[in-house]
Number of protein chains: 2
Amino acid sequence: MTDVVTPPTSPVSRERSKEIKRLSVISTARQVRVLSRAELTELTGLSPATLTPLVRELIAEGYLIERGPGASRAGRPRAMLEFNPRAELVAAVSLEPSRLSCEIADSDGTVVAHRTVRLAGDIIDTICRSVPELAGDGLPALRGVAIAAPGVSSGGAVRLAPSVGLVEGRPIGEAVQRHLGVPVVVDNDVNLMAAGEHAAGAGSDVADLLLLHVADGIGAGLVLDGQVRRGAGGAAGEVGFLPLDPADRGHDGVGPFEARWSENAVAERVVALAPGRRPDAPVAALVELARADERAAAYLDEVLTAWSRLIVSCVCVIDPGRVLLSGAAAQLDDPAVDRLQALVAAAAPSTTEVRRAVLGDRAVLHGAVSYALSAAATGLPTLLPAP
Amino acid sequence: MTDVVTPPTSPVSRERSKEIKRLSVISTARQVRVLSRAELTELTGLSPATLTPLVRELIAEGYLIERGPGASRAGRPRAMLEFNPRAELVAAVSLEPSRLSCEIADSDGTVVAHRTVRLAGDIIDTICRSVPELAGDGLPALRGVAIAAPGVSSGGAVRLAPSVGLVEGRPIGEAVQRHLGVPVVVDNDVNLMAAGEHAAGAGSDVADLLLLHVADGIGAGLVLDGQVRRGAGGAAGEVGFLPLDPADRGHDGVGPFEARWSENAVAERVVALAPGRRPDAPVAALVELARADERAAAYLDEVLTAWSRLIVSCVCVIDPGRVLLSGAAAQLDDPAVDRLQALVAAAAPSTTEVRRAVLGDRAVLHGAVSYALSAAATGLPTLLPAP
DNA sequence: ATAGTTCGTTCGCCGTAGGAAGGAAGTGTG
DNA sequence: CACACTTCCTTCCTACGGCGAACGAACTAT
C-alpha cells in the first residue's frame with residue numbers, strides 16, 4: 001500500500017499530541033481571526049482547562065494577541081484573542097528565465113517585503129541570501145518557502161530545467177531547506193495559482209477545482225479534495241497535449257492543442273484580423289474586435305468552442321465542479337464567459353461552473369502562502385476552506 | 001467542503017489516542033502478517049511497555065494469534081504473533097439490474113460466503129437480511145459493507161437510479177448503516193475495481209492509477225495519492241463523454257466517445273466482419289480475427305488508436321503513471337497491449353505504463369474489502385460519494 | 001443590592017506513556 | 001555442565017497531561 005512502512009516515532013507520543021493541539025488551535029485562530037477562549041473550546045473540542053496554559057503559551061510566542069473584552073449579553077464578557085498574521089511569515093520565490101522575484105508575506109498573503117533580483121551566479125545561493133535579508137528581524141517567524149518554477153506550458157518539470165538552470169525540484173528544494181531550516185516546496189506556477197485561488201480566491205468555497213491557465217502554452221492546475229494533485233510524474237494538468245483534434249500536431253514539446261489555441265496562437269490571428277502591433281492582451285483585443293467585426297466574432301467563437309472542448313475533457317476525467325479561467329482566458333468578458341459556460345454545460349456529463357479566476361498576479365503568492373503554511377502544519381487534521 | 005466544521009471531540013482525547021494506537025498496531029500486523037512484539041515496537045514506534053497490554057487485548061479479541069517462538073540467532077527468541085484475517089470480515093454487495101450478489105470476505109479478500117438473490121421487494125431490507133445471514137456467527141467481526149452500484153457507463157450515480165430502484169447513495173447507505181451498525185460505502189463498480197486493483201492487483205505498487213473499463217459503456221476509475229477520487233459531483237471518470245472527435249455525437253446519456261468505441265460498438269462491427277452470433281467476448285474475437293483478416297486488423301488498429309487517444313487525454317489531465325485495462329479492454333493480447341502502449345507513449349506528455357488489470361471479476365470484491373477496511377480504519381462514519 | 005449568567009482559571013484525580021529494571025529463554029564458550 | 005551474553009518480553013514506577021469540577025471574575029437584569 002502506501003509507504004508508511006516506518007513511522008519511526010510513536011503516533012501518540014507526548015510531544016506529538018502537544019503539537020497537534022497547538023496546531024489545532026493555531027489553525028482555528030487563523031481562520032476565525034478574532035475569538036475568545038470559549039469559542040476555541042467549541043471549535044477545537046479541547047477542554048477549557050487544557051486551553052488556558054496553551055493559549056498563554058501562544059500569546060507569549062506572539063501567535064495570539066489579547067484584545068479587550070468582547071460584547072456580552074449576559075455574564076462575563078469574553079476576553080477576545082486576535083490571531084497575529086505576522087507571527088507566521090512565508091517566502092514566495094518566483095523563478096523566471098533571467099530573474100528571480102522574492103516576496104515575504106504574512107499568513108494573510110499581505111506582502112511585507114519584496115524584491116526582484118537578476119539571476120547571476122548560483123540560484124540556490126541567491127535564494128538563500130535573499131530570503132533572510134528580506135525577512136530581516138522577522139526571520140524567526142518564517143514558516144516556509146515556496147518556489148514557483150515556470151513551465152506549465154512547456155511540459156512539466158522535466159522540460160523547464162534548461163530555461164532556469166537546474167531546477168529538478170528535489171535538489172533545489174532540499175538545498176534551500178537545509179540552508180534555511182524551514183520547509184521548502186517547489187512547484188510549477190500553475191499549480192501554485194490553483195492552490196492560491198483555492199485558498200483565497202474564486203475557489204475558497206469548494207474542495208475541487210481546475211484552474212485553466214492560458215499563456216504562451218496552456219496548462220491546468222488541479223485541486224482535488226482540497227489538495228493540489230500533480231499526478232505520478234508531476235505532469236498532471238498538461239492539457240495542452242490533449243489530442244482533441246486528430247489533425248492537430250504538436251512540435252518541440254508544444255502540445256497539439258496549445259499549438260493552436262494558446263495566447264500566442266490567438267495573438268497571431270488577432271494581428272491578421274487587425275493589422276498592427278501584437279496587442280499586450282490579445283484575448284481582450286479579440287473580444288473588443290468581435291463587437292464590431294463579424295470575422296473576429298466568428299473566430300472568437302471558434303476559440304471559445306476549442307476551449308470548451310478542453311474544459312469538457314477535463315470535466316469528463318476528474319469532474320472538478322468548478323473551472324477557473326486564468327491568464328489570457330481571464331481576459332474574456334462576461335458574455336464570453338457565459339457562452340463558454342453554456343458550451344461546457346451542453347457537453348459535460350456533470351454540472352460545472354466556469355468562472356474567471358480573481359487573484360490575477362497575486363495567485364502565485366497566495367498559493368505559496370497556502371503551501372508553506374500547510375507544509376508547516378504537517379500531520380494535523382487540517383480544516384481547509386473558510387466558510 | 002465536508003461537514004467537519006465542528007470537530008466536537010478533542011483531537012487528542014484519551015479514547016481517541018487509544019484507538020489510534022490500536023489501529024496502528026492492527027494495520028501494521030495486517031501488512032506484515034506474522035511478527036513479534038519487538039518488530040511492532042520498531043514499526044509502530046510504540047514502546048514495549050505500551051505494547052504489552054495492547055497486544056494482550058488484541059489477542060483476546062482474536063485479532064492476533066500467538067504462534068510458537070521464532071528463530072533466534074542469540075538471545076531469547078521472539079514470540080511470533082500472526083494476524084488473523086478472519087478477525088475482520090467485510091461484506092461486498094453488488095447491485096445489478098435484477099439481482100443482488102452478496103459476498104462475505106476476510107481481510108485477505110478470501111471469500112468466506114457468497115450468495116446471489118433475485119431482487120424482490122425492498123433493496124435495503126434485502127441487504128439488511130442477507131448480510132447477517134451470510135455472516136452467521138462471524139457477524140461481530142463485520143467491519144464494513146461496500147455496496148457496488150452499476151452505471152459507470154451510463155453517466156454516473158444520477159442516471160443509474162432507474163435501473164435498480166432508488167440508489168441515491170445516501171439513503172441506501174445510511175439506512176443500511178443504521179441497521180447493521182457498521183460503516184457502509186456506496187460507490188459505482190468501476191471505482192471499486194480501481195480500488196481493488198490498487199489494493200491487491202496490478203496497481204499495488206503505485207499510488208496513482210487509472211483503470212479504464214470498457215463494457216456497454218466506457219468508464220474510468222481514478223486513484224490519486226492512494227485514494228479513489230470521485231470529483232465534485234461523483235462524475236470523475238466519465239470518460240465516455242470525452243469530445244475527442246467533433247463529429248461524434250452522444251445520445252440519451254451515452255457519451256460521444258463510448259457511442260463509437262464501447263464493447264457494444266465493437267461487437268457490431270465484429271458481427272459485420274464475421275457474420276454470426278454476437279460473440280461473448282467481442283474484443284477477443286476481434287483480436288483473433290485480425291490475425292487472418294486484413295480488414296479486421298485495420299479495424300483493430302482503429303480501435304486501439306481511439307482507445308489510445310482516450311488514454312492520452314486522461315494522462316494529460318491527471319498523469320496517473322499507470323493505466324489498467326479492464327473489462328473488454330483486458331481481452332487484448334500482448335501485441336495489442338504493446339501497440340496501445342506505443343501509441344500512448346507517442347502522444348502523452350509523460351511516461352505511462354499500460355497494462356491489463358489482473359483481478360477480473362474479483363476486482364470489485366477486493367475494492368470493497370479495501371473500502372470497508374479503510375472506512376473502519378479512519379473511524380469515520382461513512383464516506384459516501386456524492387449522489 | 002442581589003440574583004443570574006457566562007467566562008476563564010485553578011485544583012486534583014486518574015489514566016497512560018515510557019524509562020528502568022528484572023525475569024525469561026535462548027545461544028555461544030570455557 | 002556452568003557461566004556469561006544476548007535478545008525479548010513483562011512488571012514496576014514515575015511523571016505528565018487531559019479533563020471534570022469547583023471556584024473566582026466580570027458583567028447584565030431586576
Side-chain angles (χ1 to χ4, degrees), chain A residues 7-25 28-29 32 34-60 63-82 380-381, chain B residues 7-25 28-29 32 34-60 63-82:
Chain A
T9 106
S10 161
V12 277
S13 69
R14 296 217 186 285
E15 310 90 43
R16 183 112 196 87
S17 72
K18 178 158 193 180
E19 200 178 318
I20 290 176
K21 284 188 308 179
R22 267 181 64 96
L23 292 172
S24 167
V25 170
T28 305
V32 187
V34 47
L35 38 55
S36 69
R37 290 170 179 78
E39 285 171 88
L40 274 176
T41 64
E42 286 171 26
L43 293 171
T44 63
L46 297 166
S47 76
T50 310
L51 274 170
T52 292
L54 182 52
V55 167
R56 192 157 29 218
E57 193 182 306
L58 291 177
I59 290 175
Y63 272 99
L64 296 175
I65 301 172
E66 197 142 28
R67 298 296 180 200
S72 82
R73 283 190 311 282
R76 176 175 174 175
R78 330 186 128 179
M80 302 313 281
L81 304 167
E82 188 180 341
L380 109 133
Chain B
T9 108
S10 159
V12 277
S13 68
R14 295 212 184 290
E15 310 89 42
R16 183 109 199 88
S17 71
K18 179 159 192 178
E19 200 177 318
I20 291 175
K21 285 187 306 177
R22 268 181 63 96
L23 293 173
S24 164
V25 171
T28 305
V32 187
V34 49
L35 37 56
S36 69
R37 291 170 179 78
E39 287 171 86
L40 274 176
T41 63
E42 286 170 27
L43 294 170
T44 62
L46 298 166
S47 76
T50 311
L51 274 171
T52 293
L54 182 52
V55 167
R56 194 160 24 223
E57 193 181 308
L58 292 177
I59 290 176
Y63 271 100
L64 296 175
I65 301 171
E66 197 141 28
R67 296 297 180 201
S72 81
R73 283 191 311 282
R76 175 175 175 174
R78 330 186 127 178
M80 302 312 282
L81 304 167
E82 188 181 340

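Naming: A, B, ... by sequence-line order, numbering from 1 per chain.
Residues forming a side chain to side chain contact (heavy atoms under 4.5 Å, CB included) with B/Arg22 (at least two apart in sequence, or on another chain): B/Ile26, B/Leu54, B/Glu57, B/Leu58, B/Glu61, B/Tyr63. Take B/Ile65 and apply the side chain to side chain contact (heavy atoms under 4.5 Å, CB included) test, not counting sequence neighbours, and it matches B/Arg67, B/Asn84. Judged as a side chain to side chain contact (heavy atoms under 4.5 Å, CB included), and not counting sequence neighbours, the contacts of A/Ala49 are A/Ser47.
B/Glu82 has its side chain out of reach of B/Leu64: every pair of non-hydrogen atoms, C-beta onward, lies at least 4.5 Å apart.
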If you restrict it to nitrogen or oxygen atoms, what contacts under 3.5 Å exist between nucleotides 21-24 of chain D and the protein, and what is each distance?
from, atom 1, to, atom 2, distance (Å)
D/dG24, N2, A/Arg76, NH1, 2.6

Check: protein-nucleotides 13-17 of chain D nitrogen or oxygen pairs below 3.5 Å:
from, atom 1, to, atom 2, distance (Å)
D/dG17, N2, B/Arg14, NH2, 2.7

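Atom NZ of B/Lys18 sits about 13.5 Å away from atom CD1 of B/Ile20, to the nearest 0.5 Å. To the nearest 0.5 angstrom, A/Arg37 atom CZ is 10.5 Å from A/Met80 atom CE. Atom CG of residue A/Leu35 and atom CG of residue A/Leu40 lie 5.0 Å apart, to the nearest 0.5 angstrom.
Between B/Arg37 and the phosphate of D/dT10, there is a side-chain N or O to OP1/OP2 separation shorter than 4.0 Å.
In this structure, A/Leu35 places its CG atom 10 Å from P of C/dG8, rounding to the nearest Å. One interatomic measurement links the two molecules: CD of A/Glu42 to C1' of C/dT6, which rounds to 12 Å at whole-angstrom precision. Distance, B/Glu57 CD to D/dC9 P: 18 Å, rounded to whole Å. The distance between atom CG of B/Leu81 and atom C1' of D/dC8, rounded to the nearest whole Å, is 12 Å. Following rounding to the nearest Å, B/Arg56 (CZ) and D/dT10 (P) show an atom-to-atom distance of 6 Å. What separates CD of B/Glu39 from P of D/dT7 is a distance of 15 Å, to the nearest Å. The CG atom of B/Leu51 sits 15 Å away from the P atom of C/dT16 (whole-angstrom rounding). Residue B/Leu54 contributes atom CG, which lies 15 Å from atom C1' of D/dT10 at whole-angstrom precision.
In this structure, the nucleotide among D/dA26, D/dC9, D/dC19 sitting nearest to the side chain of A/Pro77 is D/dA26. Closest to the A/Ala38 side chain, of the nucleotides C/dT10, C/dC7, D/dT10, is C/dC7.
For residues 45-54 of chain A, the set of pairs meeting the salt bridge (charged side-chain N to carboxylate O under 4.0 Å, His left out) definition, not counting sequence neighbours, is empty.
Using a 4.0 Å cut-off between charged nitrogen and carboxylate oxygen, B/Arg56 and B/Glu66 do not count as a salt-bridge pair.
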